[in-house]
Amino acid sequence: MKRISILGATGSVGQNTIDLVRRDPGTFQVVALTGGQNVARLASDAISLGAELAVTAHEDRLEDLRAALEGSDVEAAAGREAVIEAAARPAQWVMSAIVGAAGLRPGLAAIEQGATLALANKETLVAAGPLVMGAARKHGARILPVDSEHSAIFQALRGEDSAAVSRVILTASGGAFRDWPLEDLAAATPDEAATHPNWDMGQRITIDSASMFNKALEMIEAREFFGFQPEQIEVVIHPESLVHALVGFCDGAMMAHVGPPDMRHAVGHAMYWPERHALPIDQLDLAAVAQLSFRAPDMRRYPALRLAREVMAARGLAGAIFNAAKERALDHFIAGHIGFCDMSPVVEEVLNRLVPESGGTSDRPTLETVLEADHLARQCADAVVTDRNG
Ligand code: NDP
Ligand code: MG
């Protein structure tokens, strides 16, 4: 049996992963499941899957977790360090599906034990791409992309020489507000932003889809994972969310990855790689779909895309600063402290204040410098929000 752990098991990607595990009994032995506030879900999945260990990231939830696991053989633990220890427990395959930069150290721990890391947590590569890719090389660990666009690119590159790639195109649904008049965006609420037209995902990534910060993170993720040059990475709005990404080659061919918006495809691809395994994904009826449409993103609507290019040009710690500032701006939007259109200016101001002094391109980030930059960027974002709200 393949020993697997799922970090962020109680979330959207985590639950999709568990769905696939349940559909294939006798193939996987679940080592550790980790979650956050949802200890009831965590405990019931850990018991039903026969996990060795269940960990909540919150120390104050340990007693609740213990109570929910009572009478079972599942070990319980809590706290940030316990999540990292869970990721370091011997396993062959680890799903990284924690949301935010909190996923970085657990993902690194899985890499350091040489496990295959199925990476949904894009923040890991945005904040610390060179560090994480270097650690994977050093420890002989494989990283398999789970973000649907990156899984699509990975699949389009199977058997290809990456030197023959001329461009990659990330598709974006355009999010909840793609057809709203620009002047209405300032008054958009978190609930309105958290409704995705096509994908069923966690609240944070869904709001990031509306602002396109999600696509901005994915541009950086594509650069770090595949090593593409920033100018090779394009974004196109594709409202149907059926084409997940395209790769263009030097001979003019374009390979598109097409399928329904169901994350179990990308999760399952990473679970069974290098084989293709039957998955519970609907077959697309192209005649019923009838039309696929594409349009260029309006840069006034989506300033995050411009910021991503600036971050890619700056390199160094810019990714860590960008991600952390974005996370805090999103927290402030969800809390009602700033409006939807204030998130980009807040992030841009943090970049302006911190990137010039964070070191140049030759500066190879370490875990310590990345965590420090993350911390400073969060503080700076809070200060920028306070200044704006005067
Ligand atoms: P969710 O918000 O649905 O789930 C996040 C998971 O992380 C939950 O298990 C949550 O626990 C846990 N968690 C939250 N905060 C912390 C923390 N500080 N420390 C440890 N664990 C924590 O997110 P998604 O599943 O939507 O996304 C997960 C990751 O995958 C993100 O990086 C996202 O960008 C990426 N991704 C997601 C896609 C999707 O379809 N959802 C598609 C592509 C990428 P609890 O809920 O118990 O509090
Ligand atoms: Mg994606």
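As the structure lists them, so they are numbered: ligands from 1, and atoms in each ligand from 1. This structure is a prediction, so every number in the text was calculated from the model and none was measured. In what follows, residues are counted from 1 in the order of the sequence shown.
- Only the side chain of Ile205 comes within contact range of ligand 1, with a heavy atom under 4.0 Å; no backbone atom does.
- Distance from atom 11 (O) of ligand 1 to its nearest protein heavy atom, with residue and atom name: Gly36 N, 2.9 Å.
- If you look at Glu149 and ask which of its N, O or S atoms sits nearest the Mg ion (ligand 2), the answer is OE1.
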Discussion item. Checking Asn352 against Glu348 for the side-chain hydrogen bond (donor to acceptor under 3.5 Å, both in side chains) test, could you report, in this order, the C-alpha distance in whole Å, the side-chain angles of both residues, the deciding distance, and whether it holds?
Written reply: CA-CA 6 Å; Asn352 289 341; Glu348 185 162 15; 4.8 Å; no
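- Electrostatic pairing of Arg89 and Glu75 counts as a salt bridge here, judged by a charged N lying under 4.0 Å from a carboxylate O.
- Between His58 and ligand 1, a contact under 3.5 Å exists for no N or O pair.
- Note: no N/O pair closer than 3.5 Å links Gly100 and ligand 1 by distance alone.
- By the 3.5 Å distance cut-off applied to N or O atoms, Ser148 is not counted among the residues near ligand 1.
- A salt bridge is defined here as a Lys NZ or Arg NE, NH1 or NH2 lying under 4.0 Å from an Asp or Glu carboxylate O, and Asp19 with Arg22 fails to meet this definition.
- Ligand 1 has no N or O atom lying under 3.5 Å from any N or O atom of Ala102, backbone or side chain.
- Compare Glu123, His150, Arg41 by their heavy atoms: the one nearest to atom 32 (O) of ligand 1 is in Glu123.
- Salt-bridge formation is detected for the pair Arg295/Asp179: a Lys NZ or Arg NE/NH1/NH2 atom is positioned less than 4.0 Å from an Asp or Glu carboxylate oxygen.
- Within 6.0 Å of the CG atom in Asp73, the count of heavy atoms belonging to other residues, nucleotides or ligands does not exceed 12.
- Residue contacts with ligand 1: Thr34 is placed with no nitrogen or oxygen under 3.5 Å of a nitrogen or oxygen of the ligand (distance criterion only).
- Ala77 and Ala82 get closest at one heavy-atom pair: CB-CB, 3.9 Å.
- In terms of heavy atoms, Val347 sits closest to Ala329 at CG2-CB, 4.0 Å.
- Ring-centre distance between Trp199 and His265: not below the 6.0 Å cut-off.
- When Ala120, Ser209, Gly202 are ranked by how near their heavy atoms come to atom 26 (O) of ligand 1, first place goes to Gly202.
- Residue nearest to atom 5 (C) of ligand 1, selected from Asn38, Val146, Val99: Val99 (by heavy-atom distance).
- Salt bridge Arg378/Asp331: absent, no basic N to carboxylate O contact under 4.0 Å.
- For atom 21 (N) of ligand 1, the nearest non-hydrogen atom from the set Thr56, Ile98, Val55, Val126 belongs to Ile98.
- Within the listing of ligand 1, atoms 32 (O) sit less than 4.0 angstrom from a heavy atom of Asn121.
- Residues Val39 and Arg61 approach most closely at CG2-NH2, 3.3 Å, considering heavy atoms.
- With a 4.0 Å cut-off on non-hydrogen atoms, Ala57 touches ligand 1 through its side chain and not its backbone.
- Residue Asp147 holds the heavy atom nearest to atom 43 (C) of ligand 1 of all those in Leu7, Asp147, Thr206.
- Shown in contact with Val13 at under 4.0 Å from a heavy atom are these atoms of ligand 1, numbered in order with element: 25 (O), 30 (O), 37 (C), 38 (C), 39 (C), 41 (N).
- Inclusion of Gly35 in the set of residues having an N or O under 3.5 Å from an N or O of ligand 1 is not warranted.
- For the pair Arg353 and Asp387, the salt-bridge criterion is met [side-chain N within less than 4.0 Å of a carboxylate O].
- As for Asp147, its N/O/S atom nearest the Mg ion (ligand 2) is the one called OD1.
- Residue Arg300 places its CZ atom among 12 or fewer non-hydrogen atoms of other residues, nucleotides or ligands, all under 6.0 Å distant.
- The Mg ion (ligand 2) sits nearest to atom OE2 when only the N, O or S atoms of Glu218 are considered.
- Of the heavy atoms in Met201, both backbone and side-chain atoms come closer than 4.0 Å to ligand 1.
- Comparing Gly14, Gly103, Ala97 by heavy-atom distance to atom 28 (C) of ligand 1, the nearest is Ala97.
- Salt bridge present: Arg315 and Glu224 bring a charged side-chain N and a carboxylate O closer than 4.0 Å.
- With Ile6, Thr17, Thr10 as candidates, the residue nearest to atom 10 (C) of ligand 1 on a non-hydrogen basis is Thr10.
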